[in-house]
There are 2 protein chains.
Amino acid sequence: MCMRIGELAARAGTTARTLRYYESRGLLPGRRTGNGYRTYDERDLKLLRQIRTLQDFGFDLEETRPFVECLRAGHPEGDSCPASLAVYRRKLDELDVLIGELQSVRAKVGAQLAKAEQAREALAADAAVPGGPEPVCELGGQEL
Amino acid sequence: MCMRIGELAARAGTTARTLRYYESRGLLPGRRTGNGYRTYDERDLKLLRQIRTLQDFGFDLEETRPFVECLRAGHPEGDSCPASLAVYRRKLDELDVLIGELQSVRAKVGAQLAKAEQAREALAADAAVPGGPEPVCELGGQEL
DNA sequence: TGTTGCCCTGACGTCGGCGTCAAGGATTAC
DNA sequence: GTAATCCTTGACGCCGACGTCAGGGCAACA
């Protein structure tokens with residue numbers, strides 16, 4: 001029922017270094033045995049898995065804090081508390097904004113690509129025409 | 001027609017520090033006048049604006065290099081070269097993946113939020129019922 | 001008794017794209 | 001002359017979430 005840092009890390013798919021880091025940030029408790037080793041139980045594993053899940057979603061460590069505190073307060077789930085729900089909502093808003101921006105960028109880059117490809121095709125077509133292309137000065141003068 | 005670093009920076013909406021950084025990365029040429037000052041012309045401004053535009057799109061500095069080299073080779077646009085088009089295409093793929101991931105995360109977070117809100121509503125309803133809620137041990141035992 | 005394997009703390013390294021400060025030279029304005 | 005504003009190089013700071021190394025302790029097994 002108890003385990004040391006290496007085992008907990010392995011069971012959560014992370015590293016001991018990461019757990020020490022979380023502890024330094026005040027997220028993971030850190031009880032000790034007589035010899036100074038950290039010791040953890042199943043509740044810590046649940047805590048840690050909550051953190052990792054949120055991290056995988058792209059939450060900052062700080063944003064996982066309400067969830068952790070909620071669990072530590074004895075609630076059944078990390079998102080049983082209002083503060084956690086607030087983080088969810090804030091994150092949803094952030095995601096909506098970000099996704100919108102990325103879609104906008106995607107559209108612009110796509111348009112630029114289409115334009116540039118078209119320009120190249122026009123050049124290629126010109127070059128293929130026996131009459132010769134307009135002297136557009138493209139690729140002119142200075143070599144590399 | 002010629003300008004110093006501060007003016008170029010201002011005209012591109014950035015800072016002298018940024019231009020020196022670009023130069024250190026080999027992106028911006030860096031001719032010098034007799035007193036050691038950097039000097040730039042309109043072509044450098046175009047170069048710089050190309051870089052900035054791509055940066056605003058979220059391109060890494062390294063990803064702007066083909067565009068810069070294309071312009072420096074004398075092409076009319078930074079995206080007149082195949083290497084630039086390749087960067088466009090790669091970026092589009094990256095964006096598609098990223099947007100997809102973010103949408104997936106958004107859906108999951110949204111679902112979690114809905115679930116957690118529902119759980120809270122159920123609890124509230126239970127608490128409101130005169131007969132009393134199921135003793136779910138919620139909020140039980142250990143205080144902070 | 002040695003070797004292996006886990007654990008500890010402390011501290012520096014990483015990545016990108018600069019910001020910011022220090023210490024000094026050049027140019028221009030008054 | 002000197003103050004103000006530009007410019008130069010060099011170098012450290014920042015952010016987040018750790019990775020990695022150094023130097024040493026504890027435990028178990030041969």
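Letters A, B, ... mirror the listed sequences (proteins, then strands); counts begin at 1.
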Practice prompt. Take the C1' atoms of the five end pairs on each side of the helix from C/dT1-D/dA30 to C/dC30-D/dG1, get both axes, and report the angle to 10 degrees.
Written response: 30°
Worksheet item: Any side-chain N or O of B/T18 under 4.0 Å from OP1/OP2 of C/dG17?
Response: no
Worksheet item: Near DNA chain D, under 4.0 Å by heavy atom, which residues of residues 46-62 of chain A?
Response: A/R52, A/Q55, A/D60, A/L61
Worksheet item: Taking NZ, NE, NH1 and NH2 as the nitrogens, is one of them in B/E117 or A/R89 under 4.0 Å from a carboxylate oxygen of the other?
Response: yes
Worksheet item: So does A/E63 pair up with A/R90, basic N to acidic O under 4.0 Å?
Response: yes
Fill in: Of residues 87-104 of chain B, the positions that come close to DNA chain C - non-hydrogen atoms, cut-off under 4.0 Å
none
Response to the item:
Looking only at C/dT9, D/dC7, C/dA26, the nucleotide nearest the B/I5 side chain is D/dC7
Worksheet item: Is there a donor-acceptor pair under 3.5 Å between the side chain of A/R120 and the backbone N or O of B/S80?
Response: yes
In residues 103-110 of chain B, what donor-acceptor pairs under 3.5 Å come from side-chain atoms, sequence neighbours left out?
| from | atom 1 | to | atom 2 | distance (Å) |
| --- | --- | --- | --- | --- |
| B/R106 | NH1 | A/D96 | OD1 | 2.7 |
| B/R106 | NH1 | A/D96 | OD2 | 2.7 |

Practice prompt. Examine C/dG19: is either OP1 or OP2 under 4.0 Å from a nitrogen or oxygen in the side chain of B/T15? Give yes or no.
Written response: yes
Discussion item. Regarding B/R17 and B/Y22, do their side chains bring together a donor and an acceptor under 3.5 Å, going by distance alone?
Written reply: no
Worksheet item: Does the distance from a Lys or Arg side-chain N to an Asp or Glu carboxylate O, for A/D44 and A/R31, drop under 4.0 Å?
Response: yes
Discussion item. Between A/E77 and B/K115 (salt bridge meaning N to carboxylate O under 4.0 Å), is one present in this structure?
Written reply: no
Worksheet item: Do any of residues 22-31 of chain A sit with a heavy atom less than 4.0 Å from DNA chain D, and if so which?
Response: A/Y22
Practice prompt. Report the nucleotide, chosen from D/dT9, C/dG17, C/dT9, that has the shortest atom-to-atom distance to any side-chain atom of A/R38.
Written response: C/dT9
Fill in: Side-chain ion pair, B/R38 and B/E23, N-O less than 4.0 Å
yes
Worksheet item: What pairs of residues pass the disulfide bond (SG atoms under 2.5 Å apart) test when at least one of them lies in residues 75-124 of chain B, not counting sequence neighbours?
Response: B/C70-B/C81
Worksheet item: Under 4.0 Å between a side-chain N/O of A/R20 and OP1 or OP2 of D/dC18, yes or no?
Response: no
Worksheet item: For D/dT20, does OP1 or OP2 lie under 4.0 Å from any side-chain N or O of A/R17?
Response: no
Fill in: Candidates C/dC8, C/dC6, C/dG25 - which lies nearest the side chain of A/R4
C/dC6
